Amino acid sequence: MTAHEELQLAQISVSEMDNNVYLLHDQHEGLLIDAADDADAILALAERTGVTITMVLTTHRHSDHVRALPEVLDRTGAIHIASFLDTPALPAPVDVQLDQGDIVEFAGHELPAFVLRGHTPGGAGLAVRMGGIPHLFVGDSLFPGGLGKTASEGDFVRLFTDVTERLFDVYRDESVVHPGHGESTTLGAQRPHLDEWLQRRW
C-alpha cells in the first residue's frame, strides 16, 4: 500500500427504506458511511471487500441511518465521526466532531468534509476523488430531483443555501452525488433545476 493508492467504493442497500451504506476503502482499511441497519450485512460487506472498518461517518441523526451504528462500532472498534451539530442526538459517542471545511484523514488521503444544515441541524458529508472525479457523499440533503425534506421555511433556506454554496459552487458538473437513499446522480444533471427547487421550496 502507498499513501496515494486510490480509494475504491463498495455499497449495499439495507432496510425497508432502501438506505445506502457506502464503504470507501483501499486494500486494507474501510471508511463506512452510515451504519443504517443490519450490522451483519455491513460487516459481511467489509469481509467480502477484504478490509477492516476503521472509521464510520454518520451523515445525520435520523433513526433510519443509525440503527446498526452502536453494534458496528462495538464490533469494529472504529473511530466515529459526525457533524458537531447532529452529534448530541446520535445513539453512540462521536470521536471526531466535524465542522464545515474540516479535513478527514483516512488511509493516506485527505478528504474534505462539508456540513449541510436544514434536513437536520447539520448533516455531514465527504468529498472523495476517485478516477479523477469528485464523489460527494451527501446523506439525505440532496437527491436526484430535489433537496432533502425540511420542516420549515428557515430550514429550506438553510439547506438550499448550503447545498448551493458548499456543493454546486465548489465542485464541477461531473461530480457524482451519492445520496442516502436511491440512485446516484451528478451535479451537472441537477444544476439546471436549482431555480425550480427554489420556487417550489423543496
Side-chain angles (χ1 to χ4, degrees), residues 9 11-22 24 33-37 57-67 81-90 97-104 111-202:
L9 176 63
Q11 72 180 89
I12 55 172
S13 173
V14 296
S15 87
E16 71 285 354
M17 297 184 69
D18 187 27
N19 287 79
N20 289 323
V21 176
Y22 299 105
L24 293 163
I33 299 176
D34 281 345
D37 201 7
L57 168 70
T58 298
T59 61
H60 63 291
R61 64 196 285 179
H62 286 160
S63 60
D64 62 306
H65 288 262
V66 299
R67 285 181 284 197
I81 60 177
S83 161
F84 79 98
L85 291 166
D86 273 19
T87 287
L90 296 178
Q97 298 186 31
L98 299 173
D99 200 352
Q100 170 65 21
D102 284 351
I103 298 294
V104 173
L111 310 179
F114 47 82
V115 172
L116 304 172
R117 302 162 297 175
H119 180 66
T120 61
L126 288 179
V128 183
R129 185 173 295 275
M130 293 183 285
I133 298 172
H135 288 250
L136 309 175
F137 296 87
V138 299
D140 285 359
S141 291
L142 175 62
F143 294 96
L147 301 182
K149 182 178 180 180
T150 54
S152 69
E153 172 71 5
D155 285 344
F156 170 80
V157 171
R158 272 185 287 276
L159 185 56
F160 185 86
T161 299
D162 282 358
V163 165
T164 301
E165 294 181 351
R166 299 177 179 183
L167 299 181
F168 284 96
D169 290 352
V170 174
Y171 297 98
R172 58 186 194 264
D173 279 354
E174 58 264 44
S175 301
V176 180
V177 176
H178 298 280
H181 306 263
E183 297 298 320
S184 298
T185 184
T186 64
L187 289 184
Q190 304 308 314
R191 192 183 300 276
H193 304 289
L194 285 171
D195 287 343
E196 171 193 343
W197 302 350
L198 183 60
Q199 292 302 315
R200 76 187 186 193
R201 314 313 266 183
W202 59 273

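On a predicted model such as this, the values are computed, not experimentally measured, just so you know.
Among residues two or more places apart in sequence or in another chain, the side-chain contact (heavy atoms from CB on, under 4.5 Å) test is passed with A89 by R61. Partners of Y171 by ring-ring contact (aromatic ring centres under 6.0 Å, His included), not counting sequence neighbours: none found. Applying the side-chain contact (heavy atoms from CB on, under 4.5 Å) rule to L198 yields the partners F156, F160, R201; only residues at least two apart in sequence or on another chain are considered. Every residue two or more places apart in sequence or in another chain was checked for a salt bridge (Lys or Arg N to Asp or Glu O under 4.0 Å) with E165, and none qualifies. Under the side-chain contact (heavy atoms from CB on, under 4.5 Å) criterion, T87 pairs with A82, V94, Q97, sequence neighbours left out.
Within the 4.5 Å cutoff, the side chain of L159 has no heavy atoms near those of the R117 side chain.
When every heavy atom of A36 is checked against every heavy atom of V14, the shortest pair comes out as CB-CG2, 3.9 Å. Shown here for P179 and L142, the closest heavy-atom pair between the two residues is CB-O, 3.5 Å. Minimum interatomic distance between L136 and S175 (heavy atoms only, all atoms of both residues): CD1-CB, 4.2 Å. In this structure, L116 and R166 approach most closely via the heavy-atom pair CD2-CB, 4.3 Å. Listed here is the closest heavy atom pair of G132 and R172: O-NH2, 2.5 Å. Nearest heavy-atom pair, V157 versus T161, reported as atom, atom and distance to 0.1 Å: O-OG1, 2.8 Å.
Residues in residues 121-139 take part in these side chain to side chain donor-acceptor pair (under 3.5 Å) pairs, two or more places apart or across chains: H135-H178.
With no hydrogens or angles considered, a side-chain donor-acceptor pair links H65 and D140 at under 3.5 Å. Between the side chains of Q190 and H193, no donor N or O sits under 3.5 Å from an acceptor N or O. Side chain to side chain, D18 and S13 meet the donor-acceptor criterion of an N or O pair below 3.5 Å.
Distance CG/L57 to CD1/I81: 4.5 Å, rounded to 0.5 Å. In this structure, W202 CH2 and T150 OG1 are separated by 11.0 Å, a value rounded to the nearest 0.5 Å. Between atom OG1 of residue T120 and atom CG of residue L85 there is a gap of 8.0 Å, rounded to the nearest 0.5 Å. In this structure, W197 CH2 and T164 OG1 are separated by 8.5 Å, a value rounded to the nearest 0.5 Å.
Applying side chain to side chain contact (heavy atoms under 4.5 Å, CB included) to V66 and the options D34, T58, D37, T59 leaves one that passes, T58. Checking each of L167, D102, V163, L98 against F114 for a side chain to side chain contact (heavy atoms under 4.5 Å, CB included) leaves exactly one that passes, namely L167.
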Exercise for the section: List the steps, then state whether side-chain contact (heavy atoms from CB on, under 4.5 Å) holds for I12 with Y22. Expected result: CA-CA 7 Å; I12 55 172; Y22 299 105; over 6 Å; no
Exercise for the section: For T186 and V177, run side-chain contact (heavy atoms from CB on, under 4.5 Å): C-alpha distance rounded to whole Å, both residues' side-chain angles, the deciding distance at 0.1 Å, then the answer. Expected result: CA-CA 5 Å; T186 64; V177 176; 5.9 Å; no
Problem - Verdict with reasoning, I33 to V21, per side-chain contact (heavy atoms from CB on, under 4.5 Å) - result: CA-CA 6 Å; I33 299 176; V21 176; over 6 Å; no
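Looking only at distances, a side-chain donor or acceptor of Q100 sits under 3.5 Å from a matching main-chain atom of V115. Counting only distance, with no hydrogens or angles, the side chain of N19 and the backbone of D64 share a donor-acceptor pair below 3.5 Å. Side chain of S83 to backbone of G122: a donor-acceptor contact under 3.5 angstrom is found.
Other residues, nucleotides and ligands place no more than 12 heavy atoms under 6.0 Å from the CD atom of E183.
The pair D173-R191 meets the salt-bridge criterion, with a side-chain N (NZ, NE, NH1 or NH2) lying under 4.0 Å from an Asp/Glu carboxylate O.
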